[in-house]
Each structure stands twice: as structure tokens, then as C-alpha cells.
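Since the structure comes first, as C-alpha cells, the remarks are kept for the end.
Predicted, not measured: the structure shown is a model, and the values here were computed from it. Naming convention: chains lettered A, B, ... in sequence-line order (proteins, then strands); numbering from 1 in each chain.
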There are 2 protein chains.
Amino acid sequence: MTQHLFVTQGNDDIPRWREAFPQARVCRPAQARAQAGHGDHVWVMSNVDDWGVLAANLSRRNAIVAVLSYTPDSEEALQALACGARGYAHALASPEMLRQVQLVIANQGIWVLPELMAKVVGSTFRALGGESRVQEETLSALTQRERAVALSVAAGNSNKVVARELDITERTVKAHLGAVFRKLQVRDRMQLILMLSKQPIAAMDGGE
Amino acid sequence: MTQHLFVTQGNDDIPRWREAFPQARVCRPAQARAQAGHGDHVWVMSNVDDWGVLAANLSRRNAIVAVLSYTPDSEEALQALACGARGYAHALASPEMLRQVQLVIANQGIWVLPELMAKVVGSTFRALGGESRVQEETLSALTQRERAVALSVAAGNSNKVVARELDITERTVKAHLGAVFRKLQVRDRMQLILMLSKQPIAAMDGGE
DNA sequence: TCCCACCCTGTCCTTCGGTCCAATATTCGG
DNA sequence: CCGAATATTGGACCGAAGGACAGGGTGGGA
């Protein structure tokens, strides 16, 4: 029968855990190490000493591990995932959210705090140096002028600054930008930044 | 009402999809681009032209995107995730598995082929190393609420959307955001996005 | 108890961003 | 020569963004 364990060290107050999983048991790291096995669900607090090692051990034994943190950050999230944990959430998340996490990881999914997700995933691809032609493809759909405007805007410049840079009117910048939005199918400059920020701009030719 | 779309280009045979999601509709990329929006579930075949761009657009519109491939590999999986897809599976996966994927991603999880999972997660952590530590440090200067606002804004959301997300008024969002700007010493949300997505966008204008 | 940090909200105001309606000049291919 | 695409600018309009005020509430520490 599958167990459901909460691993903690101090005497953390865990009303939400209790509420989310009434059938779960609270235990110490040592007990979890000894008892948990295949199919068991184990929640590990990130304030436990060597929680990473513990998570790695448990997940290696095919336990389903989620890490909970009072101070979630993307680095810790990545570490948790690297240690085999399949979930990473705030320790004080609502019972509904905890159950959602449980549902996801029980179905072979990964669950990470939504706010961290973008960074965890987003930075991955860049760091890997993966070549995505997304950028060049999208940019190649633009005219030279539109491209220049788009890149300047993506660098965080205001329309006014772009206008000065390219020595045109702010009005013209808006016109080009409108075309860029249409062609790249984005709503506003923020989405443009996010789209262009997905990849480092490798070799931008000044035109061709 | 949330739609359920399959995006494909050729006339792929999709008996398993049909079986898994009888209520789903098959459509072309253009249709998906036009119709899909918030909360919709969209399955994109990786043999579609510019599937990455499509996935990025859809996920940016808060659609729930999964990518299906006839020849899954970790590289493509990473690309899919980088484009905002939350699921990556084999196109010929069993209906049960497809439904599992759907269940997971509908609950804010991410689902990647188990065989690829280790590779994806592993390479992520290694590649990141200590790089994204800067952000954590800068973010740690913020209060919980400010951080939540900052991250949401950095994800490209408008103040209105952030307000809805956090269940506060738009005014409060502005207040927090003002504090964020002060603490991180940035002028506006554009600079914030650039800081948090820490991208070496060489601000080169294609200028002549 | 008082102070301070945090969280939430309000109004007024200015600037910026984006889209709608135009118009004009140039270049380039059929 | 004629249309199509590109580059440029104008004006009007409206919503979003952000600062300058001015409060309200909580909880913890001196």
C-alpha cells in the first residue's frame, strides 16, 4: 500500500498539509529514508538538512517526491528537479494547490511554481545553446526598417529613443511597430521583448 | 467555453487522438492562431511549419499547449518547453497516456516523455550552473508581494491581468510595481523584463 | 505602547503606447 | 506604364502606465 509522508525536521506547523492529505503521516528524514519505497508519495521540506540527498535517494527508489519551500526560488526548484523531485511548491500553498501538485506528479508530470516555471524552462534552452531558428524565421518576415525598430524596442528603448536612433519621427516608429506586431502576431512591445528574448540574437546582419 | 484543438498540416491519421478526446476539433495552424485563446487546449504536431512560433504565440495567449512528435527527442522537447508548451509526447501515444498528459498540463504541470525527462531536467541544471543566481539576489530584495507582481509583469502580463491573478486592485499592482522599480533601480516594466530575462540582447540597430 | 514594514486602496495628473483614419515619395517587377 | 511593397509622416483618439499625493489596515519588535 502506498504511503503518504511529510518529511520535516523542526516542528513546522502544517495545517494545510493535514487538510490536503488527511491520511498522510509526518516523519523525520531518517524514517522516510528507511520506510519510503516504490510508489510512495513523499513531501520534503527544503529546510531539512541535505534535503537534496534525501530526495535523490527516495526518487531513486521510485518514490514520488515533491519539495516544499518557505522561500521558493528558481534555483532551488532546479535543484529539486535535478534531485529527482517531481514537484516544487510553496510550503504554505493552499490545500487545493497541494492536491493539484499531487495529482500532477502522480501522473508522471512535473509541477513547479507557475511564477518560476517561465524562468526554469525559459533559461534552459538558452543555456543549452540550443539553436532555434525561431528568431531568424520571425525576423526574416520583417522589412529592414521594421527589423531595426523591433530590435531597438526589444532592447528596451522607448519609441522616442528609437526615433532618435533611426532619425525618424516617433510617428513612423509607431507605424513600423504596428507592422511588426501584425507580422509577428504579438499584442504589444512586451510580448515582442519576450519573443525576442527567448534566444540570443546570434548574427544580426545589418541587412542584405 | 474552452476549445480543444489539434493542429496539423497534412492529413495525419489520428485515431488515438479521436479516441482520447472525442470532443476535440482538428484544424490548421492559421485557424488555431485565430481562434485559440485563454484556457483552450491546443495540441500541435511538430511536423507543422513553424510549430515553435505557433506554440509560443498560443501559450503567450494563455492557451494550454502540448507538442506531439512522431520522432521525439530531448532537443525538440526542450524547444517545445522553451516555446511555452507544457506537454511533449509521442504523437502515437496511447489514448490513456494522452489523457494523462492532458490531465497534468491542465493542472499547471508539465509533462515530458519519461525517457526524456532525466535528460531534460539534468541538462537544465547543469547548463544553468550558478548563472541565474543574480536574479534571485535581486529578487530577494523584494517583499513576497512585490516579487509576485514583478514575476508576473516579467511574464508579459498587464497590470490589469496581474491584478486579477493576485486578486487585488490594479492600483495596488501599481504601488507594488513602483516599489519594485525603486528597489531594482529600473525605469519601467520594459527594463524589468530585460533584467529578469537577463538577455544579452545586443542592442544593435540594423542601421546603415 | 509606539514605531515600522508590509499590504491594500483611492484620486488626480501626465506621459507613453497603439490603432484608426488618412497622405506622399520611392523602388521594383511585370 | 502600372500596381505592389516599402518608407515616411500627419492627426485624432483611447487606454495603459506610472508618479504624486493621501490615506486605510495588520503584525512584530523596541
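- The shortest distance between the side-chain N/O atoms of B:Thr143 and the OP1/OP2 oxygens of C:dC7 is below 4.0 Å.
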*So B:Asn107 and A:Gln100, side chain to side chain donor-acceptor pair (under 3.5 Å) or not? Walk me through it.*
CA-CA 6 Å; B:Asn107 282 280; A:Gln100 186 182 50; 3.3 Å; yes
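- At least one donor-acceptor pair closer than 3.5 Å links the side chain of B:Ser59 to the backbone N or O of B:Ala56.
- Partners of A:Glu146 under the salt bridge (charged side-chain N to carboxylate O under 4.0 Å, His left out) rule, at least two apart in sequence or in another chain, are A:Lys183.
- You can see that DNA chain D meets the heavy atoms of chain A within a 4.0 Å-exclusive cut from D:dT6 to D:dG11, reading 5' to 3'.
- The separation between A:Asn157 atom CG and C:dG17 atom P is 10 Å, rounded to whole Å.
- Of all non-hydrogen atoms in B:Thr169 and B:Ala163, the two that sit nearest each other are C-CB, 3.8 Å.
- A distance of about 23 Å separates the P atoms of D:dA22 and C:dC7, rounded to the whole Å.
- Contact record, A:Ala20 with A:Leu98: CB-CB, 4.0 Å, taken as the closest heavy-atom pair.
- Judged by distance alone, with hydrogens and angles left aside, the side-chain atoms of B:Arg189 form a donor-acceptor pair with the main-chain N or O of B:Asn157 at under 3.5 Å.
- Each of B:Glu146 and B:Met190 has a nearest nucleotide on DNA chain C; the 5'-most of these lies closest to B:Glu146.
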*What string of B, S and - do you get for nucleotides 25-30 of chain C, 5' to 3', if B is base contact, S is sugar-phosphate-only contact and - is no contact with any protein heavy atom under 4.0 Å?*
------
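- Rounded to 10°, the angle separating the first-five-pair axis and the last-five-pair axis of the helix from C:dC8-D:dG23 to C:dG30-D:dC1 equals 40°.
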Kindly give the atom pairs (protein nitrogen or oxygen, nucleotide nitrogen or oxygen) under 3.5 Å for nucleotides 8-15 of chain C.
| residue | atom | partner | partner atom | Å |
| --- | --- | --- | --- | --- |
| C:dC8 | OP1 | B:Arg145 | NE | 3.1 |
| C:dC8 | OP1 | B:Arg145 | NH2 | 3.2 |
| C:dC8 | OP2 | B:Arg145 | NE | 2.9 |
| C:dC8 | OP2 | B:His176 | NE2 | 3.0 |
| C:dT9 | OP2 | B:Thr169 | N | 2.7 |
| C:dT9 | OP2 | B:Thr169 | OG1 | 3.2 |
| C:dT9 | OP2 | B:Thr172 | OG1 | 2.8 |
| C:dT9 | O5' | B:Thr169 | OG1 | 3.4 |
| C:dG10 | N7 | B:Arg171 | NE | 3.4 |
| C:dG10 | O6 | B:Arg171 | NE | 3.0 |
| C:dG10 | O6 | B:Arg171 | NH2 | 2.5 |
| C:dT11 | O4 | B:Arg171 | NE | 2.8 |

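- Distance alone, capped at 3.5 Å, is enough to place a donor-acceptor pair between the A:Arg86 side chain and the A:Gln108 backbone.
- Within 6.0 Å of the CD atom in B:Gln185, the count of heavy atoms belonging to other residues, nucleotides or ligands does not exceed 12.
- Nearest heavy atom pair, residue A:Ala91 against residue A:Leu68, reads CA-CB, 4.0 Å.
- Under the side-chain contact (heavy atoms from CB on, under 4.5 Å) criterion, A:Ser69 pairs with A:Ser46, A:Thr71, A:Pro72, A:Glu76, A:Tyr88, not counting sequence neighbours.
- Using a distance-only test at 3.5 Å, with no hydrogens or angles considered, a donor-acceptor pair links the side chain of A:Asp188 to the main chain of A:Gln191.
- Between A:Phe181 atom CZ and C:dG18 atom C1' the separation is 7 Å, expressed in whole Å.
- Between A:Tyr70 and A:His90, the ring planes lie perpendicular to each other; the angle is over 60°, past the 30° to 60° tilted range.
- Distance B:Asn159 CG to C:dC16 P: 17 Å, rounded to the nearest Å.
- With rounding to whole Å, B:Asp188 atom CG is found 8 Å from C:dG17 atom P.
- Under the 3.5 Å distance criterion, the side-chain polar atoms of B:Arg147 are matched with a main-chain donor or acceptor of B:Leu142.
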